[in-house]
J.: 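Once you've had a glance at the structure underneath, I'll fire off some questions.
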Amino acid sequence: MTDFYSRVYEIVEQIPFGRVTTYGAIANCLGAAKSSRLVGVAMNYSHLTHPHLPAQRVVNRIGLLTGKHHFIEHSMQELLENEGVIVVDDRVIDFASLFWNPSDNI
DNA sequence: ACAGTGACTACAT
DNA sequence: AATGTAGCCACTG
């Protein structure tokens, strides 16, 4: 576990139920706007260090479920739909209004 | 210490 | 509009 990853997980934990955010937004909130890829890498490791992290609430900038293949037990789409988030064709419907900006909450 | 990696993005063709 | 390319940077081996 590292500081940067911990920072990422802290933010992901704060994503409200039924809302989503993006890798870029999280990176930006950490003051590392160009490190969106690192957020993705952090999420890849999250299942080891933070198994219960709501990783399904983190999608890419257009609401695409790019990380769905990393979900083993439950599908990313299933988890989102359990929260009332509609997903069609691997994309979050009404993504713009469901988007939660981490910077607004910190 | 150095090169490779990646759940991303923005820009170019 | 739909692909392709190229920066990005903390972590890992």
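First the proteins, then the strands, lettered A, B, ... as listed; each starts at 1. Keep in mind the model is a prediction, meaning the values are calculated, not measured.
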J.: Between Ser35(A) and Tyr45(A), just flag the one whose closest nucleotide in DNA chain C comes earlier from the 5' side.
T.: Ser35(A)
J.: Rounded to whole Å, please give me the gap between CD1 in Ile62(A) and P in dA10(B).
T.: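 Value for this atom pair: 11 Å.
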J.: To the nearest Å, give me how far apart CG (Leu38(A)) and P (dC8(B)) are.
T.: 11 Å
J.: Rounded to whole angstrom units, what separation is found between the CZ atom of Arg91(A) and the P atom of dA7(B)?
T.: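 From Arg91(A) CZ to dA7(B) P: 21 Å.
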J.: From NZ of Lys34(A) over to P of dA10(C), roughly how many Å is that when rounded to an integer?
T.: 12 Å
J.: Find the distance Ile72(A):CD1 to dA7(B):P and express it as a whole number of Å.
T.: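 Distance check: Ile72(A) CD1 to dA7(B) P gives 13 Å.
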J.: Find the distance Tyr5(A):OH to dT5(B):P and express it as a whole number of Å.
T.: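 My rounded result for the distance is 15 Å.
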J.: Any side-chain N or O of Arg61(A) under 4.0 Å from OP1/OP2 of dA10(B)?
T.: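 So the side chain of Arg61(A) is within the cut-off, an N or O lying under 4.0 Å from OP1 or OP2 of dA10(B).
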J.: Can a side chain N or O of Thr66(A) be found less than 4.0 Å away from OP1 or OP2 on dC8(B)?
T.: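 Yes, because at least one side-chain N or O of Thr66(A) sits under 4.0 Å from OP1 or OP2 of dC8(B).
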J.: Is the shortest heavy-atom distance from the side chain of Leu80(A) to the side chain of Leu65(A) under 4.5 Å?
T.: yes
J.: Taking only side-chain N and O atoms of Thr2(A), does any of them lie within less than 4.0 angstrom of OP1 or OP2 on dC11(C)?
T.: yes
J.: Would you classify Ala27(A) as touching base, sugar-phosphate or nothing, given that sugar-phosphate means primed atoms plus P, OP1 and OP2, and contacts are heavy atoms under 4.0 Å?
T.: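 Here Ala27(A) touches no strand at all.
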J.: Could you check Val41(A) against Gly24(A) and say which one's nearest nucleotide on DNA chain B is further toward the 5' end?
T.: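 Nearer the 5' end of the strand: Val41(A).
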J.: Does a side-chain N-to-carboxylate-O contact under 4.0 Å join Arg19(A) and Glu83(A)?
T.: no
J.: What is the distance from CG of Asn28(A) to C1' of dC9(C), rounded to the nearest Å?
T.: 15 Å
J.: Grab the CD1-C1' distance between Ile26(A) and dC9(C) for me, whole Å please.
T.: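 Distance check: Ile26(A) CD1 to dC9(C) C1' gives 16 Å.
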J.: Check Phe4(A) against Leu38(A) and note the closest heavy-atom contact, atom names and distance.
T.: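 Here Phe4(A) and Leu38(A) meet closest at CE2-CB, 3.5 Å.
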J.: What are the two closest non-hydrogen atoms of Ile11(A) and Cys29(A), and how far apart are they?
T.: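 Residues Ile11(A) and Cys29(A), closest heavy atoms: CD1-SG, 3.7 Å.
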J.: Check Ile62(A) against Arg91(A) and note the closest heavy-atom contact, atom names and distance.
T.: O-CG, 3.8 Å
J.: Between Ser36(A) and Phe4(A), who's closer to the 5' end of DNA chain C by nearest nucleotide?
T.: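 Upstream on the strand: Ser36(A).
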J.: Base, sugar-phosphate or nothing for Tyr23(A)? Non-hydrogen atoms, less than 4.0 Å.
T.: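 Base, at least one base atom sits under 4.0 Å.
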J.: Considering only dT12(C), dA7(B), dG6(B), which nucleotide approaches the side chain of Arg37(A) most closely?
T.: dG6(B)
J.: Identify whether any heavy atom of Asn44(A) sits under 4.0 Å from a base atom; if not, whether one sits that close to sugar-phosphate; answer base, sugar-phosphate or nothing.
T.: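 Touches a base.
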